[in-house]
Amino acid sequence: MTTASIAATCKGVRVPHSPFLTDTRIRRIDEARYEGDEIAGALAVVQSGDRVLEMGAGLGIVGAVTALNAKPAAILSFEANPDLIPHARALYAENKLDDVIELRNEVVISAPNRPETVTFHIQNSFLGSSLIAKTTRKTRPVEVPTAGFDDLRDAFRPDVLIMDIEGGELDFLEHADLHGIRAVVIEFHPDVYGVQGAKACKNALRQAGFAKNPDLSTRFVWTCTRSPEQARLASAPPRPSGGWSESLRSVDKAVIHPAEDSGLSTPSGVQDANGLDVAEAALWRNARRMNLPFERPTGPIPELPGTWLWGGVMWRYFAHFIVESVGRLWALDAPEIGRPEGILFIPRRPLVETELVGFQSGFFREMGIDLPIKVLSEPTRVERLIVPGQGFGLGEISAGTEPFRRFTHNRFGANIAPEGGDRLYISRSRLGPKRGALLGEDRIEQALAAQGYEIFHPERHDIPTQIARYKAARKIIASEGSALHLFAFCGRSDQQVAVIPRRRSGATRHILTHIKSFTGSDPVLLDVLCRVWQPVATQRARLSVGEPDLPLLHRALVENGFITGGPSGWEPLDEGEIRASLGGDYTPSELSLATG
């Protein structure tokens with residue numbers, strides 16, 4: 001390419017002529033004002049030897065300026081607009097950056113169930129082209145291949161993310177696990193998703209531990225960073241294969257801060273003596289961090305002497321208590337920590353009672369825990385706090401880490417003998433529809449009782465009785481619910497388990513994973529729902545009511561060896577009976593019947 005073909009120069013980068021360069025753009029490039037905020041942010045955070053992921057390469061100027069001036073080891077760039085690809089590659093070639101920058105005509109997707117292609121809408125002005133169709137502008141749609149962000153992140157291992165994708169950042173950040181990324185330079189587009197969408201983007205970055213640099217950030221472009229330790233931990237959910245989920249960290253003069261509001265994710269958790277977030281202390285649910293970094297409390301706070309174990313978040317709702325309040329107890333069998341003074345928790349919500357309720361005390365007792373348990377309702381400084389990683393919970397970690405599984409196998413209900421018959425049906429019928437239900441469960445109970453099954457209502461029994469029944473049964477059928485988590489802690493590989501779903505939720509998958517991983521028994525999911533009824537006032541899955549196809553359920557139970565005999569008692573549910581039993585407060589859900 002000759003010198004005459006160069007239209008502009010930006011911080012040493014020679015920009016060839018192209019149909020996309022107007023006189024105004026050429027002048028802005030020469031003055032280093034074209035994408036100036038992004039360039040300034042990138043040059044401030046990219047270090048020699050870094051690996052940079054760029055989403056939205058455009059004409060390639062931001063990536064080229066970064067490569068030429070900051071000397072990263074590699075830049076992997078993505079651009080959805082196929083019309084821009086040859087011009088960006090020409091720019092890289094002109095500046096001899098081909099060996100540093102790889103450019104792909106693909107769209108990076110962080111959401112699950114990634115499609116093979118997505119529709120990209122090209123405008124006359126390339127700056128407005130987007131994945132989002134704009135009815136006010138004429139566009140030309142093209143299909144563009146996609147790439148999965150998780151695979152990309154694990155293979156390329158980026159240190160810095162530069163993102164300008166014309167409104168796609170909201171959906172990307174909603175699902176993205178930014179594990180390992182130290183800095184982000186991002187342009188927001190509130191004209192696409194509104195002010196609330198921009199706030200959601202910024203909150204997602206804060207939740208991942210990023211703090212904006214005010215000197216390098218504007219309303220629409222943020223340059224934000226986090227410490228290398230936060231990059232390693234803050235946005236990495238716990239995994240059953242190990243990593244921080246099996247770690248033990250000792251924190252001197254730790255500050256514990258309970259939640260001050262009832263939000264799902266809220267500032268709370270643990271800081272070290274220097275006021276830095278102890279990321280290992282945060283509770284994760286799926287890919288969402290529930291305890292966010294908090295501001296250091298001002299003024300004097302109570303002191304707690306001695307060495308204590310961090311237990312995490314204490315739930316008073318059984319279903320969440322049994323999976324989200326117990327995942328750090330495994331550390332009690334770690335010989336290096338000795339015997340702590342006790343275990344410290346913070347309440348899930350502010351202004352709740354801090355005394356343990358019956359099922360909490362019963363569970364801890366059957367885990368062989370005889371230490372004091374404190375639920376702290378105000379900020380407290382602890383002389384020494386042992387912070388175990390989260391070894392169990394909701395998400396991938398439902399399988400549990402090996403130390404946590406070993407802990408429960410050795411301890412839970414160890415002194416309780418089996419008591420009861422070898423056939424058990426775990427029912428929810430006495431909880432009522434306001435706790436989520438299975439329609440026709442009274443008929444299911446009658447038919448199973450005739451087959452020799454004990455009809456068991458776990459909420460009417462203490463923890464030891466539940467364990468004894470679960471240990472005795474060889475065949476267990478259950479209406480899907482939290483009782484199955486308790487069974488998983490004491491079950492065995494020689495037990496057969498069938499689960500009747502009562503809703504469509506990812507929680508069902510977590511239950512099945514928990515049972516299989518902890519007991520070695522592969523539970524059968526009886527996928528027999530024909531409709532799900534939802535309360536008119538809410539879309540909460542846990543409050544939905546499942547309508548099973550009873551003849552189909554009968555066949556599935558016979559085929560899997562749980563019952564024998566004819567279909568008497570398994571006739572289809574009557575529409576009139578269903579509506580009469582639910583009343584006018586429920587309506588058939590339009591949600592997919594696919595089990596989460």
Side-chain angles (χ1 to χ4, degrees), residues 227 229-230 233-234 244-261 266-283 290-316 321 324-357 360-392 403-404 407 411:
S227 69
E229 184 69 8
Q230 286 176 312
L233 292 172
W244 74 266
S245 56
E246 295 184 11
S247 68
L248 281 171
R249 179 176 173 184
S250 177
V251 183
D252 292 332
K253 296 182 171 53
V255 173
I256 296 176
H257 198 293
E260 295 181 347
D261 63 65
T266 186
S268 56
V270 180
Q271 286 182 352
D272 66 14
N274 297 315
L276 297 178
D277 173 51
V278 178
E280 300 95 325
L283 170 66
M290 311 294 282
N291 301 118
L292 304 180
F294 58 89
E295 294 185 9
R296 192 73 162 181
T298 58
I301 61 175
E303 306 267 349
L304 191 60
T307 296
W308 293 76
L309 185 76
W310 172 244
V313 177
M314 180 65 77
W315 278 83
R316 294 176 71 84
F321 164 80
E324 295 191 303
S325 297
V326 305
R328 303 175 190 273
L329 300 177
W330 63 270
L332 292 172
D333 282 352
E336 59 265 39
I337 76 165
R339 182 178 172 84
E341 302 288 340
I343 308 173
L344 300 178
F345 290 86
I346 54 175
R348 164 67 183 94
R349 302 182 190 279
L351 305 177
V352 300
E353 294 292 331
T354 56
E355 296 297 319
L356 298 185
V357 296
Q360 294 169 330
S361 298
F363 184 90
F364 289 131
R365 187 164 49 249
E366 297 311 323
M367 276 292 189
I369 295 172
D370 59 357
L371 294 169
I373 295 174
K374 292 182 178 289
V375 182
L376 302 175
S377 60
E378 60 180 342
T380 304
R381 181 176 288 105
V382 183
E383 182 178 355
R384 180 171 178 253
L385 186 69
I386 305 297
V387 179
Q390 181 183 335
F392 182 60
F404 184 80
F407 173 83
R411 284 177 170 250

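Fair warning: this is a prediction, and the values are worked out from it, not measured in the lab. For the numbers below, each heavy atom of this structure counts, side chains included, while hydrogens, waters and symmetry mates do not.
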Applying side chain to side chain donor-acceptor pair (under 3.5 Å), name anything that partners [X], two or more places apart in sequence or on another chain.
| X | answer |
| --- | --- |
| D333 | R411 |
| Q271 | R296 |
| D261 | T266 |

Heavy-atom closest pair, residues [X] and [Y]:
| X | Y | answer |
| --- | --- | --- |
| L332 | F407 | CB-CE1, 4.2 Å |
| Q360 | V357 | OE1-N, 2.8 Å |
| V270 | A254 | CG1-CB, 4.1 Å |
| L356 | S361 | CB-OG, 3.5 Å |

Looking at [Y], is its backbone amide N or carbonyl O close enough to the side chain of [X] to form a donor-acceptor pair, meaning the two atoms are under 3.5 Å apart?
| X | Y | result |
| --- | --- | --- |
| D272 | N274 | yes |
| S325 | V313 | yes |
| N291 | L283 | yes |
| W310 | G269 | no |

CG of L376 to OG1 of T354, rounded to nearest 0.5 Å, is 8.5 Å
CG (L309) and CG (L329) are apart, to the nearest 0.5 Å, by 7.5 Å
Report yes if some heavy atom in the side chain of [X] is under 4.5 Å from a heavy atom in the side chain of [Y]; otherwise report no.
| X | Y | result |
| --- | --- | --- |
| P258 | P350 | no |
| F404 | E246 | no |
| R348 | E324 | no |

Side-chain donor-acceptor distances from residues 362-375 under 3.5 Å, at least two apart:
from	atom 1	to	atom 2	distance (Å)
D370	OD1	R339	NH1	3.4
D370	OD1	R339	NH2	3.4

Pair W315-V326, side chain to side chain contact (heavy atoms under 4.5 Å, CB included): steps then yes or no = CA-CA 10 Å; W315 278 83; V326 305; over 6 Å; no
Please walk me through it: do F321 and R316 pass side chain to side chain contact (heavy atoms under 4.5 Å, CB included)? CA-CA 6 Å; F321 164 80; R316 294 176 71 84; over 6 Å; no
Across all chains, not counting sequence neighbours, the side chain to side chain contact (heavy atoms under 4.5 Å, CB included) partners of S245 are P238, I397, T401
Partners meeting side chain to side chain contact (heavy atoms under 4.5 Å, CB included) with E295 (sequence neighbours left out):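 Counting only residues at least two positions away or on another chain, E295 forms no side chain to side chain contact (heavy atoms under 4.5 Å, CB included).
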Acceptor/donor pairs from residues 378-388 side chains to any protein atom, 3.5 angstrom cut, sequence neighbours excluded:
from	atom 1	to	atom 2	distance (Å)
T380	OG1	E378	O	2.9
R381	NH1	E303	OE2	3.0
E383	OE1	G306	N	2.6
R384	NE	S250	OG	3.0
R384	NH1	T307	OG1	3.3

Salt bridge (Lys or Arg N to Asp or Glu O under 4.0 Å) filter on E341, not counting sequence neighbours, yields none
